[in-house]
Colleague: 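A single structure is presented below for examination.
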Amino acid sequence: MKQQLEELLQNAVERLKSEGVLAADTTVIIKLDRTKNKDHGDLACNIAMMLAKAAKMPPRALAEKIIAAMPENDIVSQCDIAGPGFINIFFNEEAASAIIKTILDEKDDFGKNNSGGGEKVQVEFVSANPTGPLHIGHGRGAAVGDSLCRLLAATGWDVTPEFYYNDAGVQIHTLTVSVTARAQGLKPGDEAWPEDAGYLGEYIADVATAFLNKETVEAADMKVTASGDVEDTDSIRTFAVAYLRQEQDRDLKAFAVEFDVYFLESSLYEEGKVEAAVQQMIANGKTYEKDGALWLKTTDYGDDKDRVMRKSDGGYTYFVPDVAYHLDKWQRGFTRVINEQGADHHSTITRVRAGLQALEQDIPEGWPDYVLHQMVMVMKGGEEVKLSKRAGSYLTLRDLIDEVGRDATRYFLVSRRPDAQLTFDIDLAKSQSNDNPVYYIQYAHARVCAVERKLAEQGIAFELDKTDLSVLNEDTEKALLKTLAHYPQMISAAATKLEPHTVATYLKELASDYHSYYNAHKVLVDDAIIRNARIALGLATKQVLKNGLDVLGVSAPERM
RNA sequence: GCGCUAGUAGCUCAACUGGAUAGAGCAUCGCCCUUCUAAGGCGAGGGUUGAAGGUUCGAGUCCUUCCUGGCGUACCA
């Protein structure tokens with residue numbers, strides 16, 4: 001609908017060009033905005049104001065000419081000129097209600113488009129190290145990252161979700177020592193507790209017990225059986241990693257998040273990719289030795305100081321394997337990569353990009369893209385829940401899912417702009433009341449289902465073909481139609497801007513429109529024409545609610 | 001100090017990449033269940049969009065300076 005109008009306006013502009021009203025070299029992007037006020041019609045166009053200066057004509061006068069130049073058509077019922085020069089466009093009723101048929105025809109595909117053109121995109125998210133359970137910050141990453149994947153898939157991209165983890169570094173050493181100490185029967189605080197056994201949580205004791213019992217653990221990308229031998233450091237390490245990966249997999253599964261690829265940092269070392277990347281940077285003259293360390297000239301790429309690559313003890317700093325990892329992504333053919341991660345790692349962005357440029361592989365300067373999410377603050381009982389690994393007050397993602405449910409957890413974590421701090425109010429998320437937006441949206445869906453059930457009970461037939469949708473003339477009906485028609489643009493914008501929270505906001509609006517409508521008008525009225533039209537409107541609403549909830553990974557229940 | 005990021009109603013947040021009178025929910029107050037699910041709806045009050053300048057037909061949105069918070073600023077990851 002919007003596209004058709006854009007063409008109509010484009011035609012009008014071309015015509016004015018040929019008539020000499022507008023300069024022949026005028027180029028415009030037709031921009032149509034949804035209106036906030038229904039007196040302003042269905043769509044508003046600001047083109048007259050944009051072109052007024054170039055045309056040397058007052059915007060309102062130009063608007064008149066544009067309207068006059070618009071070709072004949074059967075979708076516009078009226079065009080007004082308003083305010084400083086807006087063109088307000090009103091659809092006729094047949095055109096407005098036609099969206100219902102589109103929705104009911106396209107079903108789960110309604111709102112999708114092919115703007116990605118089947119191009120490959122990789123989305124890396126969560127990427128938690130296997131040193132403990134997932135916490136609420138990982139949960140936010142999982143909710144945002146997964147919704148991004150769904151949005152990109154819905155807009156024609158070939159999406160590969162990927163999980164990267166460190167299975168070899170200092171933290172893994174700490175984990176191994178911690179598990180070993182527990183397996184020896186030690187507790188944090190004991191005199192013999194090793195200094196470098198830095199993980200003090202009780203879950204470490206669980207890992208140790210499982211190890212001593214020679215259990216077998218299985219994660220998405222591995223399967224390990226414990227040797228049970230406390231002296232066997234290798235076995236302890238691989239078992240502990242697998243055990244915690246298994247735990248994380250369970251959490252992710254409970255959260256309905258799946259990955260195509262699990263990528264091990266250790267594989268980069270094993271295949272010599274880290275060393276190869278370093279050698280390439282040295283060969284390109286982007287490095288220098290100083291104070292016994294190897295430095296990368298990141299200042300050549302906008303950093304405020306150069307960074308150490310290889311420490312004087314011979315080990316690489318953390319961003320070096322990261323550069324090798326991203327080169328690998330590039331070589332796998334991902335011309336687009338999106339990294340979803342916590343904002344506390346944002347200093348790595350400059351370094352990784354600088355490292356990639358220093359490789360001189362013709363990787364575009366701004367590659368890869370990043371979506372950073374801010375901290376999550378947890379509230380319970382009106383108080384902030386302090387999250388500290390050391391103090392042991394550790395709220396895991398699984399605790400949260402168990403307590404408030406998957407749907408509410410996912411919805412809340414994805415409902416704010418990623419780059420704004422998020423307050424997660426456990427009491428609110430749990431409450432089954434009207435202040436909880438998740439239930440509000442799901443309830444709208446369930447209400448449509450209830451009408452359907454009632455319809456079946458009463459044995460009334462519903463035939464879409466024999467329905468006259470243009471009878472949907474009530475204000476609340478028109479508002480609902482307008483919101484439904486906006487869904488595809490909303491999806492498109494959310495995907496382009498990488499902002500899944502837009503979907504959450506939209507769904508609240510759509511649910512609100514339906515609740516208002518439902519309250520104002522009875523669906524199952526005696527008049528068959530009106531009844532059928534209203535049922536169709538309800539079914540279309542239900543479909544769009546479901547499609548939107550799908551993007552967020554939230555269920556659309558049939559009863560509540 | 002420097003960098004990134006945010007600052008919108010008492011509270012939690014929106015605002016369609018610059019549009020018209022800045023919108024919801026909660027909280028407060030007043031209404032609506034003999035009617036398809038009241039986990040709902042209708043109405044009222046509540047604002048100098050942190051501050052000051054600038055850009056233009058038009059700014060919460062873009063630019064500059066300042067204030068406040070978060071994060072970062074390691075030969076930690």
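Labels below follow one simple rule: chain letters A, B, ... track the order of the sequence lines, proteins then strands, and each chain is numbered from 1. Values below: all heavy atoms of this structure, side chains included; hydrogens, waters and symmetry mates excluded.
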Colleague: Decide, for B:rC33, between syn and anti: a glycosidic angle within 90° of 0 counts as syn, anything else as anti.
Modeller: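 You should classify B:rC33 as syn.
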Colleague: Classify A:R447 by what it touches in the nucleic acid, base, sugar-phosphate, or nothing, heavy-atom distance under 4.0 Å.
Modeller: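 Sugar-phosphate, no base atom in range.
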Colleague: By the 4.0 Å heavy-atom rule, please label A:A446 as base, sugar-phosphate, or nothing.
Modeller: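 Base: the residue A:A446, judged by heavy atoms under 4.0 Å, touches a nucleobase.
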Colleague: Taking only N and O in the side chain of A:R417, is any of them less than 4.0 Å away from OP1 or OP2 of B:rA15?
Modeller: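 For B:rA15, neither OP1 nor OP2 has a side-chain N or O of A:R417 closer than 4.0 Å.
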Colleague: Would you classify A:F319 as touching base, sugar-phosphate or nothing, given that sugar-phosphate means primed atoms plus P, OP1 and OP2, and contacts are heavy atoms under 4.0 Å?
Modeller: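 It contacts nothing in the nucleic acid.
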Colleague: Does NZ belonging to A:K482 count more than 12 external heavy atoms closer than 6.0 Å?
Modeller: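 Correct, the count exceeds 12.
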Colleague: When the ring centroid of A:Y370 is compared with that of A:H346, is the distance short of 6.0 Å?
Modeller: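 Ring centres of A:H346 and A:Y370 not closer than 6.0 Å.
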Colleague: Please state whether the phosphate of B:rC42, meaning OP1 or OP2, lies under 4.0 angstrom from any side-chain nitrogen or oxygen of A:S516.
Modeller: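 Yes, within the criterion.
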Colleague: State which of B:rC36, B:rU73, B:rC57 makes the closest approach to the side chain of A:R351.
Modeller: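 For the A:R351 side chain, the nearest candidate turns out to be B:rU73.
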Colleague: Please work out if A:H521 contacts a base, only the sugar-phosphate, or nothing of the nucleic acid, heavy-atom cut-off 4.0 Å.
Modeller: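 A:H521: base contact, heavy atoms under 4.0 Å.
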Colleague: Assess whether atom CD of A:E289 is packed by more than 12 heavy atoms of other residues, nucleotides or ligands within 6.0 Å.
Modeller: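 Buried by this count: over 12 neighbours within 6.0 Å.
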Colleague: Report, one line per pair, each donor and acceptor closer than 3.5 Å where one atom sits in a side chain of residues 493-504 of chain A; sequence neighbours left out.
Modeller:
unit_1, atom_1, unit_2, atom_2, d
A:T496, OG1, A:S492, O, 2.7
A:T502, OG1, A:E499, O, 2.8

Colleague: Need one value for A:T423: base, sugar-phosphate or nothing, where a base atom within 4.0 Å counts as base even if backbone is also close, heavy atoms only.
Modeller: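 Result for A:T423 = sugar-phosphate.
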Colleague: Give one of base, sugar-phosphate or nothing for A:A343, where a contact means two heavy atoms less than 4.0 Å apart.
Modeller: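 Contact class for A:A343: sugar-phosphate only.
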Colleague: Classify the nucleic acid contact of A:N88 as base, sugar-phosphate or nothing, counting any heavy atom under 4.0 Å across all strands shown.
Modeller: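 If one applies the 4.0 Å heavy-atom cut-off, A:N88 turns out to touch a base.
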Colleague: Touch check for A:K31, heavy atoms < 4.0 angstrom, all strands: base, sugar-phosphate only, or nothing?
Modeller: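 Sugar-phosphate only.
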Colleague: Below the 4.0 Å mark, does B:rG41 have OP1 or OP2 next to a side-chain nitrogen or oxygen of A:Y440?
Modeller: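 The answer is yes; a side-chain N or O of A:Y440 sits under 4.0 Å from OP1 or OP2.
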Colleague: Of the nucleotides B:rG70, B:rG19, B:rU56, which one has an atom closest to the side chain of A:M50?
Modeller: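 Nearest nucleotide to the side chain: B:rG19.
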Colleague: Ignoring backbone atoms, establish whether A:S347 has a side-chain N or O less than 4.0 Å from OP1 or OP2 of B:rG3.
Modeller: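 For A:S347, the contact criterion (side-chain N or O under 4.0 Å from OP1 or OP2 of B:rG3) is not met.
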Colleague: Might you confirm whether atom CE of A:M50 has over 12 heavy atoms from other residues, nucleotides or ligands at distances under 6.0 Å?
Modeller: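 12 or below, so no.
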Colleague: What N/O pairs connect the protein and nucleotides 59-64 of chain B at under 3.5 Å? Give each pair on its own line.
Modeller:
none

Colleague: Does A:K508 place a side-chain N or O at less than 4.0 Å from the phosphate oxygens OP1/OP2 of B:rA24?
Modeller: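 No, outside the criterion.
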Colleague: For B:rC2, give the paired nucleotide (Watson-Crick: N1-N3 plus N6-O4 or O6-N4; G-U: N1-O2 and O6-N3; both under 3.5 Å), or none.
Modeller: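 B:rG72 is the nucleotide pairing with B:rC2.
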Colleague: Students often get this wrong, so: under 4.0 angstrom with heavy atoms, is A:T496 touching a base, only sugar-phosphate, or nothing?
Modeller: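 The residue A:T496 makes base contact.
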Colleague: Identify whether any heavy atom of A:R559 sits under 4.0 Å from a base atom; if not, whether one sits that close to sugar-phosphate; answer base, sugar-phosphate or nothing.
Modeller: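 Base: the residue A:R559, judged by heavy atoms under 4.0 Å, touches a nucleobase.
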Colleague: Applying a 4.0 Å non-hydrogen cut-off, can you work out what A:K311 is touching in the nucleic acid: base, sugar-phosphate, or nothing?
Modeller: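 Base contact.
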Colleague: Under the 3.5 angstrom rule, does the side chain of A:N532 hit a backbone N or O of A:A528 as a donor-acceptor pair?
Modeller: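 Yes, A:N532 side chain to A:A528 backbone: donor-acceptor pair under 3.5 Å.
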Colleague: Measuring from the side chain of A:R416 (C-beta onward, heavy atoms only), which nucleotide among B:rA14, B:rA20, B:rA77 has the closest atom?
Modeller: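 The closest nucleotide is B:rA14.
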Colleague: Holding to side chain to side chain contact (heavy atoms under 4.5 Å, CB included), I want the full list of residues that pass it with A:A52, two or more places apart in sequence or in another chain.
Modeller: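 Here the qualifying residues are A:P59.
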Colleague: Quick one: pull up OG in A:S178 and OH in A:Y203 and give me the separation to the nearest 0.5 Å.
Modeller: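 Here the interatomic distance stands at 8.0 Å.
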Colleague: Among the candidates B:rG40, B:rA15, B:rG70, find the nucleotide nearest to the side-chain atoms of A:N519.
Modeller: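 My answer, after comparing the listed nucleotides, is B:rG40.
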Colleague: So what does A:H515 hit on the nucleic acid, given a heavy-atom distance under 4.0 Å: a base, only sugar-phosphate, or nothing?
Modeller: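 Counting heavy atoms under 4.0 Å across all strands, the contact made by A:H515 is with sugar-phosphate only.
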Colleague: On RNA chain B, compare the nucleotides closest to A:H346 and A:Y318; which residue's is nearer the 5' end?
Modeller: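 Looking at RNA chain B, the more 5' nearest nucleotide goes with A:H346.
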Colleague: Mark yes or no for a side-chain to base donor-acceptor pair under 3.5 Å between A:T317 and B:rC75, with no hydrogen or angle criteria applied.
Modeller: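 Such a pair does not exist between side chain and base.
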Colleague: OP1 or OP2 of B:rG41 less than 4.0 angstrom from a side-chain nitrogen or oxygen of A:K522, does that happen here?
Modeller: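 False: A:K522 side-chain N/O out of range (4.0 Å or more) of B:rG41 OP1/OP2.
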Colleague: In terms of side-chain heavy atoms of A:H345, which of B:rU5, B:rA77, B:rC36 is nearest?
Modeller: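 Per side-chain heavy atoms of A:H345, the pick is B:rA77.
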Colleague: Do A:D306 and A:Y288 pass the side chain to side chain donor-acceptor pair (under 3.5 Å) test, and can you show the C-alpha distance, the side-chain angles, and the key distance before you say yes or no?
Modeller: CA-CA 10 Å; A:D306 291 338; A:Y288 58 89; 2.7 Å; yes
Colleague: Can a cation-pi geometry be assigned to A:R245 and A:Y165, taking NZ or CZ under 6.0 Å from the six-membered ring centre and within 45° of the ring axis?
Modeller: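 Geometry flag: set, cation within 6.0 Å and 45°.
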Colleague: With heavy atoms under 4.0 Å as the rule, sort A:D425 into base, sugar-phosphate or nothing.
Modeller: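 A:D425: no heavy atom of the nucleic acid under 4.0 Å.
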Colleague: What's the closest nucleotide to the A:Y439 side chain, out of B:rG69, B:rA39, B:rG19?
Modeller: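 Shortest atom-to-atom distance from the side chain points to B:rA39.
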Colleague: I'd like to know if A:D344 reaches the base of B:rG72 with its side chain such that a donor and an acceptor end up less than 3.5 angstrom apart.
Modeller: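 A donor-acceptor contact between them is absent.
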Colleague: For A:D313 and for A:V525, find the nucleotide of RNA chain B with the closest heavy atom, then tell me which residue's nucleotide is more 5'.
Modeller: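 Whichever sits nearer the 5' end wins; that is A:V525.
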Colleague: Base, sugar-phosphate alone, or nothing: which one does A:A82 contact when heavy atoms must sit under 4.0 Å apart?
Modeller: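 Here A:A82 touches the bases of the nucleic acid.
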